[in-house]
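Report on the structure given below.
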Amino acid sequence: MSATISVNGRITGERDAVISVFDHGFLYGEGIYETMRTYQSRPFLYERHMRRMRRSAELISLELPFSDDELAARIRETTDAATLPDEAYIRVLVTRGIGELTYDPHATPTPSVVIIVKPHVDPPRSAYEHGVAVVIVDVVRNHPGTVNPMIKSNNLLNCALAAQEAIRRGGFEGVMRNYLGELTECTTSNLFIVKDGVAVTPPLAAGLLPGITREFLFEIGSEIGIAVRERTLKDADLFGADEAFLTSTTREAIPIVTVNDRRIGSGTPGPVTAKLLAAFRRAAEEARV
Ligand code: PMP
């Protein structure tokens with residue numbers, strides 16, 4: 001891994017990128033982040049990522065100390081300083097900042113801003129060609145009244161524990177249920193099923209991160225004549241689906257072919273997933289923003 005990092009505007013390699021142990025991001029997990037990637041060297045869907053970042057910040061009463069344009073300039077400085085053979089992975093983190101050992105936000109008047117840039121690495125080709133195996137995990141997605149999954153929070157213990165379970169059980173991803181037993185999303189991606197030609201994903205009200213790829217897929221679907229809808233999904237909907245796939249910024253759309261070792265549909269990547277992925281890639285390559 002060779003990353004280039006901006007810590008409050010100071011750009012260094014990864015060894016010299018340091019942050020105080022009194023930063024409340026470290027002490028309490030108080031902060032929010034975004035993960036973006038570039039296509040044609042431009043951050044894709046930047047405005048949407050910024051919109052979500054502002055909503056995340058608002059939900060933890062954190063004032064972002066930059067405009068969208070100012071942050072874009074800082075990202076550019078960091079990508080310019082990086083050695084990128086191809087496209088960039090960009091992670092922007094904003095924490096409450098450095099202060100005394102108290103939850104009182106008055107103790108931390110200045111947020112810390114970290115930008116991590118490294119080469120984007122595509123998931124293995126085999127994931128797209130053959131699909132992946134996922135498992136439904138026992139770890140329950142945070143209740144929206146606790147740490148709302150809408151917040152793209154640096155406090156990732158809920159997803160980390162679910163991912164640990166998925167890894168232990170040999171899953172490429174773990175599908176998480178909410179406290180009502182409804183499906184929500186995976187630990188680092190959103191979940192879709194395809195039934196009778198319609199792509200269906202759980203509603204935001206189930207308690208999940210509003211993925212940018214998920215959101216964009218509704219528009220891609222309508223452009224190519226594939227209906228994309230929100231509906232409450234249970235285990236049986238996933239097991240009985242014709243196709244399933246997961247979406248995220250760094251993975252686009254990856255077909256799911258088994259869940260808990262049970263085959264989904266024909267057990268091979270499905271045609272609706274393939275059409276949505278191809279249309280998504282076309283839009284990304286055109287670098288629509
Ligand atoms: N859900 C979770 C929990 C995630 O961490 C991610 C990855 N950021 C996603 C969904 C996918 O979101 P996006 O399409 O914005 O990358």
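What you see below is based on every heavy atom in this structure, not just the backbone, and it leaves out hydrogens, waters and symmetry mates. Because the structure is predicted, anything quoted here is derived from the model rather than measured.
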Backbone N/O of Lys234 and side chain of Asp237: donor-acceptor pair under 3.5 Å: yes
Qualifying residue for side chain to side chain contact (heavy atoms under 4.5 Å, CB included) with Leu59, from Arg54, Met150, Lys152: Met150
Phe66 vs Met50, side chain to side chain contact (heavy atoms under 4.5 Å, CB included): CA-CA, chis, key distance, verdict: CA-CA 11 Å; Phe66 44 68; Met50 290 311 298; 4.0 Å; yes
Arg55 to Pro210 - nearest heavy-atom pair and separation: NH2-CG, 3.5 Å
Phe239 six-ring face occupied by Arg262 cation (under 6.0 Å, within 45°): yes
pair Leu191-Leu246: side-chain heavy atoms closer than 4.5 Å: no
Note, Val92 side chain near His49 side chain (heavy atom, < 4.5 Å): no
Salt bridge Arg51-Asp68, side-chain N to carboxylate O under 4.0 Å: no
Which atom of Asn155 lies closest to which atom of Ser153, heavy atoms considered: N-OG, 2.8 Å
Ring-face cation of Arg37 near Tyr39 (centre distance under 6.0 Å, axis angle within 45°): yes
Ser189 side chain vs Cys186 backbone, donor-acceptor pair below 3.5 Å: no
Contact summary for Ser112 and Ile19, nearest pair of heavy atoms: CB-CD1, 4.0 Å
Atom OH of Tyr28: over 12 foreign heavy atoms under 6.0 Å: yes
Hydrophobic cluster identity match, Leu180 and Leu204, side-chain contacts under 4.5 Å: no
Pairs meeting criterion salt bridge (Lys or Arg N to Asp or Glu O under 4.0 Å) with involvement of residues 18-29, two or more places apart: none
Ion pair Arg52/Glu34, N-O distance below 4.0 Å: yes
Check: Pro271 and Glu243 side chains under 4.5 Å, non-hydrogen atoms: yes
Closest heavy-atom pair and its distance - Ile90, Pro43: CD1-CG, 4.2 Å
Whether Glu87 side chain and Ser41 backbone form a donor-acceptor pair below 3.5 Å: yes
Within one Ile-Leu-Val-Met-Phe-Trp-Tyr cluster: Val132 and Val175, side-chain cutoff 4.5 Å: yes
Closest approach of Gly197 to Ile226 (non-hydrogen atoms, all atoms of both residues): O-CG2, 3.9 Å
Donor-acceptor contact below 3.5 Å, side chain His24 vs main chain Pro111: no
Glu173 and Thr187 side chains, donor-acceptor separation under 3.5 Å: yes
Side chain proximity check, Thr250 to His120, heavy atoms < 4.5 angstrom: yes
Distance (rounded to the nearest 0.5 Å) between Leu238 CG and Ile256 CD1: 6.5 Å
Gap between atom CD1 of Ile115 and atom CZ of Arg74 - 0.5 Å precision: 6.0 Å
Asp104 CG: over 12 foreign heavy atoms closer than 6.0 Å: yes
Whether Thr213 side chain and Thr249 backbone form a donor-acceptor pair below 3.5 Å: yes
Stepwise side chain to side chain contact (heavy atoms under 4.5 Å, CB included) check, Tyr33 with Met53: CA-CA 7 Å; Tyr33 76 105; Met53 189 175 218; 5.7 Å; no
Heavy-atom side-chain contact between Thr78 and Ile5 under 4.5 Å: no
Contact check, side chains of His130 and Val257, non-hydrogen atoms, under 4.5 Å: no
Contact list for residues 188-202, test salt bridge (Lys or Arg N to Asp or Glu O under 4.0 Å), sequence neighbours left out: Lys195-Asp242
More than 12 heavy atoms from other groups under 6.0 Å of CD on Glu58: no
Pair Glu77-Ser6, side-chain donor/acceptor within less than 3.5 Å: no
Distance-only polar pair, side chains of Arg91 and Tyr89, donor-acceptor under 3.5 Å: yes
Side chain to side chain, Leu208 and Pro202, heavy atoms closer than 4.5 Å: yes
Exceeds 12 heavy-atom contacts within 6.0 angstrom, atom CZ of Phe218: yes
Pairwise distance CG(Asn154) to CZ(Arg96) - rounded to 0.5 angstrom: 11.0 Å
Worked verdict on Glu252 versus Leu277 for side chain to side chain contact (heavy atoms under 4.5 Å, CB included): CA-CA 7 Å; Glu252 303 172 324; Leu277 173 61; 3.9 Å; yes
Pair Thr232, Glu182: side-chain N/O donor-acceptor within cut-off below 3.5 Å: no
Expected output: side-chain Glu165 to main-chain Val137 donor-acceptor under 3.5 Å: no
Ion pair Arg42/Glu47, N-O distance below 4.0 Å: no
Hphob cluster co-occupancy, Leu64 + Ile75, side-chain heavy atoms under 4.5 angstrom: yes
Residue pair Val194 / Val200, side-chain heavy-atom distance below 4.5 Å: no
Thr184 (side chain) donor-acceptor with Met176 (main chain) under 3.5 angstrom: yes
Pair His143-Asn178, side chain to side chain contact (heavy atoms under 4.5 Å, CB included): steps then yes or no: CA-CA 7 Å; His143 186 293; Asn178 67 13; over 6 Å; no
Inter-residue atom distance Asp138.CG - Leu161.CG, 0.5 Å rounding: 12.0 Å
Short side-chain donor-acceptor distance under 3.5 Å, Thr95 and Glu30: no
Quiz item: cation-pi between Arg281 and Tyr128, 6.0 Å / 45°: yes
Distance, nearest 0.5 Å, that separates CZ of Arg251 from CZ of Phe245: 14.5 Å
Within one Ile-Leu-Val-Met-Phe-Trp-Tyr cluster: Val94 and Val18, side-chain cutoff 4.5 Å: no
Donor-acceptor contact below 3.5 Å, side chain Glu215 vs main chain Ile212: no
salt_bridge(Glu230, Arg214) N-O dist < 4.0 Å: yes
Arg229 side chain to Thr201 side chain, donor-acceptor N/O pair below 3.5 angstrom: no
Shortest non-hydrogen separation from Ala127 to Ile254 and the atoms involved: O-CG2, 3.8 Å
Value rounded to 0.5 Å, distance of CG in Leu84 from OG in Ser2: 8.0 Å
Same apolar cluster: Val135 and Leu183, side chain cutoff 4.5 Å: no
Ala72 backbone acceptor or donor facing Tyr46 side chain under 3.5 Å: yes
